[in-house]
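Take a look at the structure below.
Note that this is a predicted model, so its numbers are computed, not measured.
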Amino acid sequence: AFAAYLSRCNPMGVAHRITVPILILNADDDPVCKPRNVDDNAPALLGGRSCPRAVLLRYGKGGHCCFARGLTAARWADQLSAVFLAEA
C-alpha cells in the first residue's frame with residue numbers, strides 16, 4: 001500500500017510531459033527530497049530523454065522550500081525563478 005502510494009506520487013512518472021522550461025531547486029539537507037533521490041533521477045530527467053528544458057540547481061542548504069538568506073530570511077528562490085522564466 002505504501003509502495004503504491006509512493007509510486008503514484010513520484011513526479012518522474014509524468015516528467016516526460018513537461019513542455020515548458022522548468023527550474024528545479026533542491027537542497028542536500030532537504031528532509032523530503034533526499035540527495036539520493038536526486039542522484040537517482042537527475043540523469044534521466046536532465047539527459048534530454050525526459051525533460052529537455054529542465055535545469056537543476058542543487059544547494060548544500062535550503063531545507064524543503066526554504067531558500068532564504070539574511071536576517072530577514074529573504075526568499076531568494078522566488079526572484080531567481082522569476083528571472084529564469086523571463087529569460088527562458
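Side-chain heavy atoms closer than 4.5 Å link hydrophobic residues (I, L, V, M, F, W, Y) into clusters, and following such links, even through other members, never connects Val14 to Leu23. Cluster membership for Val83 and Trp76, using ILVMFWY side-chain heavy atoms within less than 4.5 angstrom, is not shared.
Sequence neighbours left out, the pairs with a member in residues 19-33 that pass side chain to side chain donor-acceptor pair (under 3.5 Å) are Asp28-Arg58, Asp30-His64. For residues 19-47, there are no ring-ring contact (aromatic ring centres under 6.0 Å, His included) pairs, not counting sequence neighbours.
When every heavy atom of Leu56 is checked against every heavy atom of Ala42, the shortest pair comes out as CD2-CB, 4.1 Å. The minimum heavy-atom distance between Gly62 and Ala27, with the atom names listed, is N-CB, 3.5 Å.
Here the side chains of Ile22 and Val55 are not in contact, with every heavy-atom distance at 4.5 Å or above. In this structure, the side chains of Leu57 and Leu80 come closer than 4.5 Å at one or more pairs of heavy atoms.
Here Leu25 contributes atom CG and Asp78 contributes atom CG; the two are 9.5 Å apart, rounded to the nearest 0.5 Å.
Between the side chain of Ser7 and the backbone N or O of Ala3 there is no donor-acceptor pair closer than 3.5 Å. With Asn10 contributing its side chain and Leu6 its backbone, the two residues share no donor-acceptor pair below 3.5 Å.
With sequence neighbours excluded, the residues that form a salt bridge (charged side-chain N to carboxylate O under 4.0 Å, His left out) with Arg36 are Asp40.
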